[in-house]
Amino acid sequence: MNHDKMTNISAKRGFLWPSFEIYSGVSGFTDYGPLGSSLKNNIMEKWRKQYVAEEGFFEIESPTIMPEEVLKASGHVDNFTDPMTKCGKCSNVFRADHIIEESINEDVEILENEELDEVILKNNIKCPVCSGKLSNIWNYNLMFKTHIGAKGDKTGYLRPETAQGIFILFKRLSRFFRGKLPFGVVQLGKAYRNEISPRQGVIRLREFTQAEAEIFLDPKDKTCPKFSKIASEKLYLSSQDVQENNKDPLEITAQEALDKNIVANETLIYQLYLAKKFLNEIGIPDKVLRFRQHLSGEMAHYALDCWDVEVNTDKYGWVEIIGIADRGDYDLASHSRESNEELSMFQESDKVETITKTIVKPNLSKFGPVFKKDAPKIKTFLETADADEIKDVIEKEGKYTVKLDDEFELLKEHLIFEDKTEDIKGKQIMPHVIEPSFGIDRIVYSVLLHSFHTSENDEDKDYFKFKKEIAPVQLSVFPLVNKDGLDDLAFEITEKLRSLAYVVEIDTSGSIGKRYARGDEIGIPLAITIDYDTLEDETVTIRKRDDESQERIKINSLENYLKDYY
RNA sequence: GCAGUUGUGGUAUAGUCUGGUUAUUAUUUGGGCCUUCCAAGCCUACGACCCGGGUUCGAAUCCCGGCAACUGCACCA
């Protein structure tokens with residue numbers, strides 16, 4: 001693990017570059033160079049293969065600019081903020097809670113802005129730079145704000161996460177999936193957060209790529225049909241208990257995690273397993289990974305359970321790269337409330353249940369004259385009231401007292417009780433959501449870091465040991481020397497391989513050793529060398545990056561060889 | 001956002017304190033020569049003083065501001 005060497009080569013060879021560099025750059029943004037872009041795409045394609053193809057989820061794409069209502073409902077407009085204050089004299093801007101904490105040495109994190117204003121006034125807190133008067137506090141929202149339309153009267157924000165785009169399509173999606181739970185929807189794309197001062201390179205960006213899946217399921221049934229297939233898979237988990245008591249991470253099977261109630265449900269465990277599988281397959285091994293359960297104070301208010309997947313780095317320590325949360329029905333409930341849309345689904349039960357229950361109705365000829373203008377609200381109360389309870393109380397005490405804004409006494413003659421039988425064919429439910437959320441840029445960084453092979457002595461070299469599935473360049477082709485027609489043949493073979501849709505680099509510069517080294521450095525798994533034997537027997541050598549082993553094969557069996565390999 | 005350190009070809013650097021010739025060296029990269037398998041060698045070319053302002057006859061060098069990076073603090077729903 002070596003951040004410095006790795007980033008050096010990554011910049012040199014076109015993986016990651018600072019954005020807007022010729023204008024001296026802006027922190028919190030990064031450019032993917034040719035190889036970085038290709039690597040990232042390969043990782044995202046691999047992700048799609050796992051979640052869309054293998055899991056049967058579907059991908060959608062929604063706008064990156066969202067109207068204010070959406071983010072108001074999701075809570076981002078009001079809560080995704082920091083309190084700020086500005087000095088009237090020198091115009092410096094500060095985090096209000098920080099100035100106050102420094103000045104009076106008290107934790108004021110929980111206070112509202114108005115209360116903070118009062119604290120500033122009461123303690124006569126001044127600008128720490130020039131002692132000028134501080135303004136009232138406003139919220140600095142971490143979202144990028146913009147205007148929609150020429151009139152500019154509609155406020156929009158760049159989305160702070162891709163997930164909301166899925167939630168607000170719920171009505172359409174539930175029809176698309178023909179009303180059956182569970183179903184999964186994914187979105188890969190950019191999200192934006194105007195961080196105050198991002199300083200960890202590609203780890204903390206203002207514009208970043210997420211890959212999120214939202215799995216909608218029955219709140220009463222969070223089992224997972226594929227769970228049995230992975231029940232005996234080993235997981236390494238740092239549960240709340242492990243963290244709070246400084247224990248070693250648990251090494252347990254998926255089944256044990258479920259039985260011991262360490263992870264809340266099957267679907268959540270299955271998602272932990274999928275995340276681990278994905279990371280392993282793109283070259284991030286278990287030994288640099290940690291599955292960490294959020295502590296109860298750390299958990300977002302909407303999450304029922306949440307696990308972070310963290311990767312170990314030499315420079316930034318443990319970095320969160322994936323969050324897997326059970327968000328409950330928080331999002332659907334909020335959007336349903338704000339939009340006045342019914343965001344629930346009717347779920348048919350396995351068997352029809354016939355129930356008989358007592359219902360209560362007002363006996364209107366007596367009820368109306370007695371309660372007059374209060375009658376409607378008492379009637380409304382009765383619609384949702386427990387009829388059995390009312391009946392009991394009236395039978396025992398002769399009356400039932402309703403406490404609304406006033407107290408009303410219901411007598412037996414005001415009401416009609418009926419026994420009613422109905423068939424329950426199912427129920428209307430608001431699905432819960434389990435969300436694995438991948439930070440793609442951080443994952444690309446982790447792949448670069450943990451694929452990077454550092455030399456231990458002078459003969460060894462530094463290179464990216466990418467898994468062949470994600471290597472940005474798949475093949476290199478070299479003529480052993482640039483003469484006697486070997487070079488022409490190399491170009492010919494390159495063209496042929498490119499027509500088979502392989503990403504191929506041909507290199508005729510420098511010595512053969514230099515060419516291997518250049519190819520290794522950017523992690524090209526295979527090199528094909530054309531030499532003098534090629535002219536005689538139409539064979540080439542295939543040389544593997546990781547062990548430098550060579551084998552000789554016929555040119556006409558190259559296609560099959562590569563098909564098997566990739 | 002605060003404090004400190006730093007900013008010279010793609011990379012790593014000399015020069016900055018003490019202002020003054022064509023900005024040092026290595027490596028990388030392109031072209032050529034050579035080369036029958038792992039960064040060999042030779043020739044050659046391209047390539048830099050972070051940006052803006054000030055001081056000065058003259059600024060890579062001194063001063064101020066900005067931007068960025070690094071370290072620590074803070075922030076990270």
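Convention: sequence-line order gives letters A, B, ...; per-chain numbering from 1.
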How long is the line joining CD1 of A:Ile506 and P of B:rG30, in whole Å?
-> 13 Å
Using atom CD of A:Gln550 as one end and atom P of B:rC38 as the other, report the distance to the nearest whole Å.
-> 9 Å
Determine the interatomic distance between C1' on B:rA12 and the same-named atom on B:rA48; round to the nearest Å.
-> 13 Å
Any A:Arg199 side-chain nitrogen or oxygen under 4.0 Å from OP1 or OP2 of B:rA74 = no
N or O in side chain of A:Ser511 less than 4.0 angstrom from B:rC34 OP1/OP2 | no
What integer number of Å spans the P atoms of B:rU13 and B:rG65?
-> 27 Å
Let me know the distance between CZ of A:Arg204 and P of B:rA74, rounded to the nearest Å.
-> 13 Å
Spacing of A:Asp441 atom CG relative to B:rC76 atom P, expressed in whole Å | 21 Å
The residue, A:Tyr23 or A:Glu161, whose nearest nucleotide of RNA chain B is more 5′ is A:Tyr23
If you look at every heavy atom in A:His450 and A:Ile284, which pair is closest and at what distance?
-> CD2-CG2, 4.5 Å
Considering only the C1' atoms, how many Å lie between B:rC75 and B:rG7, rounded to the nearest integer?
-> 26 Å
Assign A:Glu21 to base, sugar-phosphate, or nothing according to its heavy-atom contacts below 4.0 angstrom with the strands shown.
-> nothing
Under 3.5 Å, is there an N or O donor on one side and an acceptor on the other linking the side chain of A:Arg543 and the base of B:rC38?
-> yes
Considering only the C1' atoms, how many Å lie between B:rG15 and B:rU8, rounded to the nearest integer?
-> 9 Å
Answer yes or no on whether A:Lys468 is positioned over the face of A:Tyr565, meaning its NZ or CZ is under 6.0 Å from the six-membered ring centre and within 45° of the axis.
-> yes
B:rC62 and B:rU5: how far apart are their P atoms, nearest whole angstrom?
-> 14 Å
Starting at CH2 of A:Trp17 and ending at C1' of B:rU11, how long is that distance when rounded to a whole Å?
-> 14 Å
Is B:rA23 paired to anything, Watson-Crick or G-U wobble with both distances less than 3.5 Å, and if yes, which nucleotide?
-> none
Can you check the A:Asn8 CG to B:rU13 P distance for me, whole Å?
-> 10 Å
For B:rU35, the Watson-Crick or wobble partner whose two distances fall under 3.5 Å | none
Cation-pi between A:Arg545 and A:Tyr463: NZ/CZ under 6.0 Å from ring centre and within 45° of the ring axis?
-> no
Distance-only donor-acceptor test (3.5 Å): side chain A:Tyr516, base B:rC37 = yes
Paired with B:rU6: which nucleotide, if any, by Watson-Crick or G-U wobble criteria at under 3.5 Å for both distances?
-> B:rA68
Could you please name the partner base of B:rC62, counting Watson-Crick and G-U wobble pairs only when both distances are under 3.5 Å?
-> B:rG54
Minimum-distance nucleotide to A:Ser24 side chain [options: B:rC50, B:rC38, B:rC37] = B:rC50
What does A:Ser27 touch in the nucleic acid at a heavy-atom separation under 4.0 angstrom: a base, only the sugar-phosphate, or nothing?
-> sugar-phosphate
Aromatic centroids of A:Tyr192 and A:Tyr157 separated by under 6.0 Å | no
Does the gap between the ring centers of A:Tyr316 and A:His3 come in under 6.0 Å?
-> yes
If we take the P atom in both B:rA40 and B:rA60, what is their distance in whole Å?
-> 38 Å
Could you tell me whether A:Lys5 contacts a base, only the sugar-phosphate backbone, or nothing, with contacts defined as non-hydrogen atoms closer than 4.0 Å?
-> nothing
Integer angstrom distance from the P of B:rU56 to that of B:rG66 | 23 Å
Under a 3.5 Å limit on both distances, the Watson-Crick or wobble mate of B:rU29 is B:rA45
Indicate whether any N or O donor in one side chain lies under 3.5 Å from an N or O acceptor in the other, for A:Tyr561 and A:Glu551.
-> yes
What does A:Ser509 touch in the nucleic acid at a heavy-atom separation under 4.0 angstrom: a base, only the sugar-phosphate, or nothing?
-> sugar-phosphate
Using the P atom on both, measure B:rA45 against B:rG53 and round to a whole Å.
-> 35 Å
Rounding to a whole Å, what distance do you find between A:Arg518:CZ and B:rA39:C1'?
-> 9 Å
Respond yes when some side-chain nitrogen or oxygen of A:Lys514 is under 4.0 Å from OP1 or OP2 of B:rU28, and no when none is.
-> yes
Do A:Arg545 side-chain and B:rC38 base share a donor-acceptor contact under 3.5 Å?
-> no
Establish, with yes or no, whether the OP1 or OP2 oxygen of B:rG9 is under 4.0 angstrom from a side-chain nitrogen or oxygen of A:Lys12.
-> no
Test: A:Arg290 cationic atom under 6.0 Å from A:Trp318 six-membered ring centre, within 45° of axis = yes
Atom CD of A:Gln164 and atom P of B:rA77 are separated, to the nearest Å, by 16 Å
If you draw a 6.0 Å radius around CD in A:Glu244, do more than 12 non-hydrogen atoms from other residues or ligands fall strictly inside?
-> yes
Identify, between A:Thr529 and A:Asp507, the residue whose nearest nucleotide on RNA chain B lies closer to the 5' end.
-> A:Asp507
Check whether any side-chain nitrogen or oxygen of A:Lys483 sits under 4.0 Å from OP1 or OP2 of B:rU35, and answer yes or no.
-> yes
Which part of the nucleic acid, if any, lies within reach of A:Asp520 when heavy atoms closer than 4.0 Å are counted: base, sugar-phosphate only, or nothing?
-> nothing
